[in-house]
Amino acid sequence: MRDAAFDMPSAPSARFQPQDGKPILEAMGITFKAGGQQLLDEIDITIRRGARTLIMGPNGAGKSLLLRLMHGLIRPDRGEVLWEGQPLTKQAMKSQAMVFQRPVLLRRSVLANLKFALSVRGLRGHKRAQKIETALASAGLGHLARRPARVLSGGEQQRLAVVRALACEPDLLFLDEPTANLDPASTAAIEKLVMEANEKGITIVLVTHDAGQAKRLGEDVIFLQDGRVAEAGTVSQVLNTPQSEPARAWRDGRLYLGPQIRTLSGNDRSNT
Ligand SMILES: Nc1ncnc2c1ncn2[C@@H]1O[C@H](COP(=O)(O)OP(=O)(O)OP(=O)(O)O)[C@@H](O)[C@H]1O
Ligand SMILES: [Mg+2]
């Protein structure tokens, strides 16, 4: 990330405002600072209703932070998140669900994890039991219902986290690297759940480092670098014919070390 001692005169954050499709969520000029650093800088993006939007970019670019801001878990220092054109409220947050980079599961059984999530949304009795059964079946976890969630394998935990989020019937699902460290079969299982959810109309916002996954799942791509939008567009535009140096470097497997870095004294030094 940027060091507070450096002023990086790089290109301003690109805007991402696709023309077609109704916006469900908009980040309007979002800036976030912590620990003396500007971690996100003037992020302007639009998430189209019903679309699958991928957030990509190197480690530390600000992807997880951006997700947490869009989900309303933290508030921006400047700018605003709009949900269906209105400022994001606690009520609107209930229309969203999030699968975190490291699955957050209760120290209880698989079943109890699902029960708890649905109870929080006010579901009880027969309706809840039915939903749990469907969720377990769609994740292939029926036989593990009574097992403590924390002893599941990484892939099983991620599947549980995804179906638990989906059981709450969100309009939009955020997924932060849901298949990192998973084998191809577990990855395919998660991707299937994501695609099925999207076919039912759930808007997907997913962080990934995996170009293959981006091409399989993505429609829109937002490429972050150093807390800014380096480039945004369709998957084929951004991954096949990138225009920005950060996205080009990523495609070519080169290390992108940033544009010119200028010290506060004003002396320029290039680190490329
Ligand atoms: N609360 C905080 N205080 C200070 N720095 C923070 C805070 N939260 C995040 N950061 C920093 O912000 C930067 C972006 O973090 P973030 O987790 O969004 O990166 P990321 O793009 O998701 O990276 P990765 O691909 O490794 O998951 C990192 O340098 C991180 O250390
Ligand atoms: Mg992250």
Side-chain angles (χ1 to χ4, degrees), residues 34 54-55 59-74 90 93-198 200 202-210 212-213 216-217:
L54 303 190
I55 316 269
N59 295 137
K63 305 179 298 295
S64 295
L65 261 181
L66 179 58
L67 244 51
R68 285 160 63 203
L69 277 152
M70 291 196 290
H71 190 30
L73 297 177
I74 46 176
K90 284 228 153 51
M93 278 174 72
K94 290 188 185 157
S95 306
Q96 308 176 350
M98 174 126 155
V99 175
F100 290 87
Q101 195 160 353
R102 298 180 199 95
V104 184
L105 299 172
L106 301 176
R107 287 181 190 282
R108 298 186 201 168
S109 69
V110 167
L111 194 64
N113 266 273
L114 289 164
K115 263 189 183 166
F116 180 77
L118 291 171
S119 309
V120 168
R121 306 257 165 167
L123 261 115
R124 301 248 181 283
H126 181 61
K127 214 169 166 199
R128 185 176 70 183
Q130 254 186 346
K131 271 200 171 295
I132 290 176
E133 200 182 318
T134 311
L136 287 172
S138 68
L141 292 174
H143 60 301
L144 300 176
R146 308 224 166 254
R147 197 167 285 186
R150 301 263 176 130
V151 307
L152 298 183
S153 74
E156 289 162 351
Q157 288 196 4
Q158 276 297 18
R159 277 187 347 249
L160 174 57
V162 172
V163 291
R164 186 180 59 177
L166 288 173
C168 299
E169 299 186 344
D171 291 331
L172 185 151
L173 177 63
F174 294 109
L175 303 112
D176 196 350
E177 297 193 43
T179 59
N181 306 317
L182 300 191
D183 69 13
S186 295
T187 299
I190 299 264
E191 290 185 0
K192 185 164 174 270
L193 289 170
V194 169
M195 290 302 281
E196 283 170 0
N198 183 244
K200 287 186 196 145
I202 297 176
T203 304
I204 303 292
V205 179
L206 182 144
V207 174
T208 185
H209 288 284
D210 177 347
Q213 179 164 74
R216 287 190 298 276
L217 292 188

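We use all heavy atoms of the structure for the numbers below, so side chains are in, but hydrogens, waters and symmetry mates are not.
- Nearest approach of Arg108 to Ala112, heavy atoms of both residues: CB-CB, 3.6 Å.
- Shortest non-hydrogen contact noted between Cys168 and Ala117 is SG-O, 4.0 Å.
- The CZ atom of Arg150 sits 7.5 Å away from the CG atom of Leu106 when rounded to the nearest 0.5 Å.
- You'll find the side chain of Asp171 stays beyond 4.5 Å of the side chain of Thr203, heavy atoms only.
- The distance from the CD1 atom of Ile132 to the CG atom of Leu114 is 5.5 Å, given to the nearest 0.5 Å.
- Side-chain contact between Arg107 and Pro148 is absent, with no heavy atoms from C-beta onward closer than 4.5 Å.
- Look at Glu169 and Lys131 and you find a salt bridge, because one of the NZ, NE, NH1 or NH2 atoms lies within 4.0 Å of a carboxylate O, short of that distance.
- Under the 4.5 Å side-chain criterion, counting only non-hydrogen atoms from C-beta, Ile55 is not in contact with Thr208.
- Taken from CZ in Arg164 to CG in Leu141, the straight-line distance is 12.0 Å, to the nearest 0.5 Å.
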Test side-chain contact (heavy atoms from CB on, under 4.5 Å) applied to Leu136 and Val163, step by step: CA-CA 8 Å; Leu136 287 172; Val163 291; over 6 Å; no
Taking only distance into account, with no hydrogens and no angle test, what donor-acceptor pairs under 3.5 Å do side-chain atoms of residues 172-182 form with protein atoms, sequence neighbours excluded?
from: Asp176; atom 1: OD2; to: Ser64; atom 2: OG; distance (Å): 2.6
from: Glu177; atom 1: OE2; to: Gln101; atom 2: NE2; distance (Å): 3.1
from: Glu177; atom 1: OE2; to: His209; atom 2: NE2; distance (Å): 3.1
from: Thr179; atom 1: OG1; to: Gln213; atom 2: OE1; distance (Å): 3.4
from: Thr179; atom 1: OG1; to: Gln213; atom 2: NE2; distance (Å): 3.0

Kindly indicate, with the supporting measurements, whether the criterion side-chain contact (heavy atoms from CB on, under 4.5 Å) is fulfilled by Leu160 and Leu144. CA-CA 10 Å; Leu160 174 57; Leu144 300 176; over 6 Å; no
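- Looking only at side-chain heavy atoms (C-beta outward), Arg68 and Met98 come within less than 4.5 Å of each other.
- For the pair Thr187 and Arg216, the minimum side-chain heavy-atom distance is below 4.5 Å.
- Using a 4.5 Å heavy-atom threshold, the side chains of Gln96 and Pro170 count as separate.
- When side chains are defined from C-beta on, Ile204 counts as touching Ile202, because their heavy atoms get closer than 4.5 Å.
- Distance check, rounded to the nearest 0.5 Å: OG1 of Thr134 to CG of Leu166 gives 12.0 Å.
- A salt bridge does not link Glu196 to Lys200: none of the charged nitrogens lies less than 4.0 Å from a carboxylate oxygen.
- Side-chain atoms of Ser138 come within 3.5 Å of backbone N or O of Ala135 as a donor-acceptor pair.
- With hydrogens and angles left out, the side-chain atoms of Arg147 and Ser109 include no donor and acceptor closer than 3.5 Å.
- Here the side chains of Ser186 and Gln158 are not in contact, with every heavy-atom distance at 4.5 Å or above.
- Evaluated for a side chain to side chain contact (heavy atoms under 4.5 Å, CB included) with Ile190, the options Leu206, Val162, Leu217 yield exactly one hit, Val162.
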Check step by step if side-chain contact (heavy atoms from CB on, under 4.5 Å) holds for Leu73 and Leu67. CA-CA 9 Å; Leu73 297 177; Leu67 244 51; over 6 Å; no
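- The main-chain N or O of Ala139 is found under 3.5 Å from a side-chain atom of Arg159 such that the two form a donor-acceptor pair.
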